[in-house]
Number of protein chains: 2
Amino acid sequence: MAKPVVPEERRRRRRPTRGGTVLSERLIVETALRMLREHGSAGLTARRLGLALDADPSTLYRYFRGMDDLTLAIGDALVGQALDGWRPTGRWREDLRAVGLRIHAAYVAHPQAALLTTSRVTGRANELAADEAVLDVLRSAGFPLADTVTVYHAFIDQTLAFAALDAASLALPSAALRADEEMWRSTYARLPEETHPRIAEAAPLLARLMVTSAYPTALEMLLDSAAARLDAASG
Amino acid sequence: MAKPVVPEERRRRRRPTRGGTVLSERLIVETALRMLREHGSAGLTARRLGLALDADPSTLYRYFRGMDDLTLAIGDALVGQALDGWRPTGRWREDLRAVGLRIHAAYVAHPQAALLTTSRVTGRANELAADEAVLDVLRSAGFPLADTVTVYHAFIDQTLAFAALDAASLALPSAALRADEEMWRSTYARLPEETHPRIAEAAPLLARLMVTSAYPTALEMLLDSAAARLDAASG
DNA sequence: GACGTAAGGTCAATGGCGTTGGCATAAGAG
DNA sequence: CTCTTATGCCAACGCCATTGACCTTACGTC
């Protein structure tokens, strides 16, 4: 039966599958991440994962309550590696920039996985540590408490939002991706000046810029505004 | 057979279903939107939609190439109503704020639909019109072309990113939503000062703020930075 | 070292899904 | 009034997640 899932730390008997593979939460999550990368976010199915692990699909239910539970485990793994090894420098603007870019990068590095997990909230240790770190950077920089909370809220949600958005476009199936890019060339670049003058004049610049992430720019603009706010508060 | 989908404007024979309903793209999309609202983003299935329309599921394939095509049509409908009725005032900051809040609001008003469509790029008429409008606001305000494109990119992607993020949390099944809120109260509000001093001191403010969208704040910060940039360029 | 227990594997079945090919029928052109 | 064909219905296919029953082997105990 599937109900009583044994937590990883209490597992004792590691019976190999018929093919000789020895399973573990870690192995399953890593295999799932690889499958997501190779087959896209819809390519992760219990059957296929079982096949890749050389195990019956139903075996997965010994480790996770269902595919949704597995999804959360994958998200947890992503969050874990985002801030792994980061240390604050004491320069607030540099530190915030680093944290933002790291979280963004961790998600974008696994777009298909990010697609499944960005909207889920875990509230686990890694998330708490990141929040505490960001708040500490702001307070240590001299932001008053109210401003700290406001800037923190905008900062963290902006980071997650862009991570999700950029992951989504990276995770598009290659056919749809090609179609989108083609649309950029065929539609935007050729709009007549009479009906869309602003797009027409900006088309070359747009074509170069729109294929990159706007997150670094948006982040810098947010930091600009925060710096101005800090000046106003302390001077 | 399903292949040759007749475009809406060339339809002539409106044969009613067995139950008497007369189908149309519009009716199907509206019904789908209603089902999304009522049954969540996973509750939209061809079979259920057929049931709601009093038609065989396969009939849908006379109107859309598949469920994915229907998804795009839903997204197009959302974009359409976002800027419906908006007129620029000539004050750039006010205009950008209005466009951003309108697009954000349109998606958030249909969270489950937004969940399915925010990551898709249509390149259709409504999207083009919005882009042209934003570019025009910036150029008319006096932004140089390069700055215009940079600010436009950050503005539009930030708007879509926050729309997706906020829609995602609104679209959570109510059980998960309740669990998340409970987590906020039970975890963040009670973290010991020794291990998480910054979260502890900010907890009351956080609890009040985190349940709202950070988009208005982030938008205002982006406009702050853009205004400073405009000053620097023109003075 | 033998043994009993239950963790952790397999197998088979259920009900739901998107999608398609074949067929029936009625709307509208002539 | 007749003919064409757009548009509806039906039945079936091959996926999917999940579950209950069963089997087997790793390990703690003696």
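Computed from heavy atoms alone, side chains included, the values below leave out hydrogens, waters and symmetry copies. This is a predicted model, so every value here is computed, not measured. Residue numbers start from 1 in every chain, and the chains themselves are labelled A, B, ... in the order their sequence lines are given, proteins ahead of strands.
Between the base of D:dC9 and the side chain of B:T17 there is no donor-acceptor pair shorter than 3.5 Å.
Residues A:D69 and A:Y63 bring no donor and acceptor atom of their side chains to less than 3.5 Å of each other.
For B:Q158, the side-chain hydrogen bond (donor to acceptor under 3.5 Å, both in side chains) criterion is met by A:Q158, not counting sequence neighbours. Residues passing the salt bridge (Lys or Arg N to Asp or Glu O under 4.0 Å) test with B:E30, sequence neighbours excluded: B:R26. Checked against salt bridge (Lys or Arg N to Asp or Glu O under 4.0 Å), B:D136 has the following partners two or more places apart in sequence or in another chain: A:R198. With sequence neighbours excluded, no residue forms a salt bridge (Lys or Arg N to Asp or Glu O under 4.0 Å) with B:D54. When the salt bridge (Lys or Arg N to Asp or Glu O under 4.0 Å) test is applied to B:R102, no partner is found at least two apart in sequence or on another chain. A:Y215 pairs by the ring pair (Phe, Tyr, Trp, His ring centres under 6.0 Å) definition with A:H104, A:F162, not counting sequence neighbours.
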Can you pull every protein N or O that's under 3.5 Å from an N or O on nucleotides 26-30 of chain C?
{"from": "C:dA27", "atom 1": "N3", "to": "B:R13", "atom 2": "NH1", "distance (Å)": "3.3"}
{"from": "C:dG28", "atom 1": "OP1", "to": "B:R12", "atom 2": "O", "distance (Å)": "3.0"}

Quick one: which protein N/O atoms are closer than 3.5 Å to N/O atoms of nucleotides 14-17 of chain D? Pair and distance per line, please.
{"from": "D:dA17", "atom 1": "OP1", "to": "A:A46", "atom 2": "N", "distance (Å)": "2.8"}
{"from": "D:dA17", "atom 1": "OP2", "to": "A:A46", "atom 2": "N", "distance (Å)": "3.0"}
{"from": "D:dA17", "atom 1": "OP2", "to": "A:R47", "atom 2": "N", "distance (Å)": "3.4"}
{"from": "D:dA17", "atom 1": "N7", "to": "A:R47", "atom 2": "NH1", "distance (Å)": "2.7"}

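For the pair B:E132 and A:P197, the minimum side-chain heavy-atom distance is below 4.5 Å.
Note: CG (B:L49) to P (D:dC9) measures 13 Å, nearest angstrom. Atom CZ of B:F64 and atom P of C:dG18 are 15 Å apart (whole Å). In this structure, CG of B:D56 is placed 17 Å from P of C:dG22, rounded to the nearest angstrom. Distance, B:L51 CG to D:dC10 C1': 16 Å, rounded to whole Å. With rounding to whole Å, B:R62 atom CZ is found 14 Å from C:dA24 atom P. Look at CG on B:L60: it is 10 Å from P on C:dT19, rounded to the nearest Å.
Nearest-nucleotide positions on DNA chain C place A:L23 closer to the 5' end than the other of B:P57 and A:L23.
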Side chains of residues 35-43 of chain A: which donor-acceptor partners sit under 3.5 Å, not counting sequence neighbours?
{"from": "A:R37", "atom 1": "NH2", "to": "A:A109", "atom 2": "O", "distance (Å)": "2.9"}
{"from": "A:R37", "atom 1": "NH2", "to": "A:H110", "atom 2": "ND1", "distance (Å)": "3.2"}

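For B:S58, the side-chain atoms get nearest to D:dC9 when compared with the rest of D:dT7, C:dT10, D:dC9.
When heavy atoms are screened at a 4.0 angstrom cut-off, A:T59 is found touching base atoms of the nucleic acid.
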